[in-house]
Amino acid sequence: MEKKDIDWGNLGFAYMPTDKRFVANYKNGAWDEGTLTSDPNVVLNECACVFQYSQSCFEGLKAYTTEDGHIVTFRPDLNAERMANSARRLEMPAYPEDKFIEAVVKTVEANEAYVPPYGSGATLYIRPYMFGSNAVIGVKPADEYQFRILTTPVGPYFKGGAKPLTIRVSDFDRAAPHGTGHIKAGLNYAMSLHAIVSAHQEGYDENMYLDAATRTKVEETGGANFIFVTKDGTVVTPKSDSILPSITRRSLMYVAEHYLGLKAETREVYFDEVKDFAECGLCGTAAVISPVGKIVDHGKEICFPSGMTEMGPVTKKLYETLTGIQMGRIEAPEGWIKVIK
Ligand SMILES: *Cc1c(COP(=O)(O)O)cnc(C)c1O
């Protein structure tokens with residue numbers, strides 16, 4: 001297979017159309033078989049439910065080349081399960097989980113020429129998504145849906161090293177108690193755009209959202225979960241029903257306990273205790289972990305002892321172990337690596 005002539009190491013995180021994408025349609029109460037298509041455009045009725053009432057959800061995962069030359073994805077069964085949960089919360093028909101994995105495999109195979117080579121740091125980002133596609137004007141779920149998967153090659157997340165981030169405590173809320181914070185719905189992102197644009201204007205990389213009810217507990221950022229490390233080396237991640245259950249975070253907590261022999265706790269984290277942590281990181285598929293150096297709460301700065309130049313030592317070990325597992329340099333737990341070819 002001849003790879004595309006792409007400067008893999010200098011790709012950013014931007015959309016580049018690839019040769020094929022997967023499309024399946026739901027109509028009269030059933031999903032069709034689905035197919036690959038070359039057409040990157042979606043043509044819908046002007047009154048489609050997704051346009052009027054934002055009935056949509058999505059997933060994000062990556063395909064990459066391992067050290068021994070296989071093309072793999074990481075725990076796609078958890079993306080399938082999470083997307084089914086997102087769909088049910090939005091009154092959409094879940095796309096069958098086994099079919100989801102089959103469709104991911106088919107789409108990656110069809111775009112093999114765009115899967116970056118081992119060592120480039122780049123990956124093929126995979127974006128499954130689903131939306132209500134027929135015309136709806138009264139407020140109700142659509143009757144017809146489209147499930148699609150697009151892929152796009154993306155560059156190494158940390159070009160020239162992982163520079164710690166500066167984040168602020170947001171005055172906006174991300175998710176209501178009993179709301180939709182725990183599902184990957186487009187609507188959660190639409191309403192976070194204002195907060196992230198204003199954070200960037202003020203010189204911050206990200207927003208830390210607190211729990212909307214009491215504003216005393218740490219939730220997450222717009223697109224990544226928090227992991228903290230205590231001064232005695234315990235890995236702590238916030239517990240809340242309105243946090244999106246990150247697959248990276250769940251994997252890192254497992255790695256902390258079972259590979260690194262650390263204590264790993266999932267519990268409520270009060271903002272007041274954040275100043276006592278030794279390290280802080282943001283976890284998600286894109287970066288695995290981005291170190292946080294500083295958190296600013298209305299002018300009051302919390303500076304982690306790990307500093308503003310490199311990852312803290314535990315964060316670094318977590319990062320290296322999980323990326324080692326993903327790239328095939330370290331043995332993975334049963335079922336974590338789905339070999340595509
Ligand atoms: C997707 C997402 C994450 C990260 O989840 P991963 O499965 O690790 O990629 C975290 N928070 C939010 C709000 C997200 O949408």
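Just so you know, these numbers use all the heavy atoms, side chains as well, and skip hydrogens, waters and symmetry mates.
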Exercise for the section: Show your reasoning for whether side chain to side chain contact (heavy atoms under 4.5 Å, CB included) applies to Ile149 and Arg127. Expected result: CA-CA 5 Å; Ile149 302 179; Arg127 168 57 60 89; over 6 Å; no
Practice task
Please report the C-alpha distance between Phe51 and Leu44 in whole Å, then the side-chain angles of each, then the deciding distance to 0.1 Å, and finally whether the side chain to side chain contact (heavy atoms under 4.5 Å, CB included) criterion is met.
Solution key: CA-CA 9 Å; Phe51 296 140; Leu44 294 177; 3.8 Å; yes
Handout entry: Stepwise ring pair (Phe, Tyr, Trp, His ring centres under 6.0 Å) check, Tyr26 with Tyr95
Key = CA-CA 9 Å; Tyr26 181 90; Tyr95 194 72; 9.7 Å; no
Problem - Chi angles and distances behind the side chain to side chain contact (heavy atoms under 4.5 Å, CB included) call for Leu260, Leu318 - result: CA-CA 8 Å; Leu260 303 179; Leu318 286 167; 3.7 Å; yes
Practice task
Would you check, one step at a time, whether the test side chain to side chain contact (heavy atoms under 4.5 Å, CB included) holds for Phe277 with Val269?
Solution key: CA-CA 11 Å; Phe277 289 125; Val269 173; 3.9 Å; yes
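Side-chain contact of Arg75 with Ser251: a donor-acceptor pair under 3.5 Å is present, judged by distance alone. For the residue pair His182 / Asn85, no side-chain donor-acceptor distance below 3.5 Å is found, with atom types taken as modelled. Under the 3.5 Å distance criterion, with hydrogens and angles disregarded, a donor-acceptor pair is assigned to the side chains of Asp68 and Thr66. With 3.5 Å as the limit, one finds no donor-acceptor pair spanning the side chains of Thr37 and Lys20. Side-chain atoms of Tyr114 and Asp19 form a donor-acceptor pair, as typed in the model, at a separation below 3.5 Å. Ser242 and Asp211 form no side-chain donor-acceptor contact under 3.5 Å, judged by distance and modelled atom types alone. Side-chain contact, Gln146 with Ser133: no donor N or O sits under 3.5 Å from an acceptor N or O. Arg168 and Ser198 form a side-chain donor-acceptor contact under 3.5 Å, judged by distance and modelled atom types alone.
In this structure the side chain of Tyr118 reaches within 4.5 angstrom of the side chain of Met327, judged on heavy atoms. The closest side-chain heavy-atom distance from Arg88 to Pro93 is not below 4.5 Å. The side-chain heavy atoms of Thr180 and Leu187, taken from C-beta on, include a pair separated by under 4.5 Å. Between Glu310 and Pro164 there is no side-chain heavy-atom pair separated by less than 4.5 Å. In this structure the side chain of Val296 never reaches within 4.5 angstrom of the side chain of Lys300, judged on heavy atoms. Residues Glu265 and Thr234 meet the side-chain proximity criterion, which asks for heavy atoms closer than 4.5 Å. For the pair Pro117 and Tyr64, the minimum side-chain heavy-atom distance is 4.5 Å or more. The side-chain heavy atoms of Leu252 and Ile289, taken from C-beta on, include a pair separated by under 4.5 Å.
Here the side chain of Gln326 pairs no donor or acceptor atom with the backbone of Phe74 at under 3.5 angstrom. No side-chain donor-acceptor contact under 3.5 Å links Asn111 to the backbone of Thr18. Formation of a donor-acceptor pair under 3.5 Å by the Tyr53 side chain with backbone atoms of Val50 is not found in this model. At least one donor-acceptor pair closer than 3.5 Å links the side chain of Ser86 to the backbone N or O of Lys184. Counting only distance, with no hydrogens or angles, the side chain of Lys3 and the backbone of Val115 share a donor-acceptor pair below 3.5 Å. Not a single donor-acceptor pair under 3.5 Å links the side chain of Thr315 to the backbone N or O of Met311. Checked by atom type and distance alone, the side chain of Gln55 pairs as donor or acceptor with a backbone atom of Ala142 at under 3.5 Å. Asp205 places no side-chain N or O within donor-acceptor distance of the main-chain N or O of Ile167, the cut-off being under 3.5 Å. In this structure, the side chain of Asp32 engages the main chain of Asn25 through a donor-acceptor pair within 3.5 Å. Looking only at distances, a side-chain donor or acceptor of Thr65 sits under 3.5 Å from a matching main-chain atom of Pro116.
The shortest heavy-atom contact between Val288 and Thr248 is O-CG2, 3.4 Å. Residues Pro153 and Leu124 approach most closely at N-CD1, 3.6 Å, considering heavy atoms. Of all the heavy atoms in Ser290 and Leu165, the pair that sits closest is CB-CD1, 3.8 Å. Contact record, Gly181 with Glu220: O-OE2, 4.3 Å, taken as the closest heavy-atom pair. Smallest separation of non-hydrogen atoms from Tyr209 and Ser170: CE2-OG, 3.5 Å. The shortest non-hydrogen separation linking Pro238 to Thr266 is O-CG2, 4.2 Å.
Between Lys338 atom NZ and Leu61 atom CG the span is 12.0 Å, to the nearest 0.5 Å. Between the NZ atom of Lys275 and the CD atom of Glu301 there is a distance of 16.0 Å, given to the nearest 0.5 Å. The CE atom of Met253 sits 7.5 Å away from the CZ atom of Arg249 when rounded to the nearest 0.5 Å. Taking CZ of Phe226 as the reference point, atom OG1 of Thr221 lies at 6.0 Å (rounded to 0.5 Å). Annotation: the span from Thr321 atom OG1 to Ile330 atom CD1 amounts to 5.0 Å, rounded to 0.5 Å. A distance of 7.5 Å separates CG in Leu90 from OG in Ser56, rounded to the nearest 0.5 Å.
For the pair Glu109 and Lys341, the salt-bridge criterion is not met [side-chain N within less than 4.0 Å of a carboxylate O]. Here Lys217 does not pair with Asp272 in a salt bridge; the nearest charged N to carboxylate O distance is not below 4.0 Å. Taking 4.0 Å as the cut-off between side-chain N and carboxylate O, Arg215 and Asp173 count as a salt-bridged pair. Arg267 and Glu273 are joined by a salt bridge, as a carboxylate oxygen and a charged side-chain nitrogen come within less than 4.0 angstrom of each other. Between Glu219 and Arg174, none of the side-chain N atoms (NZ, or NE/NH1/NH2) sits under 4.0 Å from a carboxylate O, so this pair counts as no salt bridge.
Residue Met83 is grouped with residue Ile101 when hydrophobic side chains (ILVMFWY) are merged at heavy-atom distances under 4.5 angstrom, including chains of intermediate members. In the hydrophobic clustering of ILVMFWY residues, with side-chain heavy atoms under 4.5 Å counting as a link, Met130 and Val105 come out together. Both Tyr319 and Val235 belong to a single network of hydrophobic side chains, linked directly or stepwise wherever heavy atoms of I, L, V, M, F, W or Y lie under 4.5 Å apart.
Each of Tyr189, Phe131, Tyr129 was scored for a ring-ring contact (aromatic ring centres under 6.0 Å, His included) with Phe58, with one residue passing: Tyr189.
Residue pairs meeting the salt bridge (Lys or Arg N to Asp or Glu O under 4.0 Å) criterion with at least one partner in residues 45-65, sequence neighbours excluded, are Glu59-Arg82.
The hydrophobic cluster containing Leu193, built from Ile/Leu/Val/Met/Phe/Trp/Tyr side-chain heavy atoms closer than 4.5 Å, comprises no other residue.
Using a 30° and 60° split on the angle between ring planes, Phe228 and Phe304 fall in the tilted class, from 30° to 60°. Ring geometry, Phe100 versus Phe147: the interplanar angle falls from 30° to 60°, so the pair is classed tilted.
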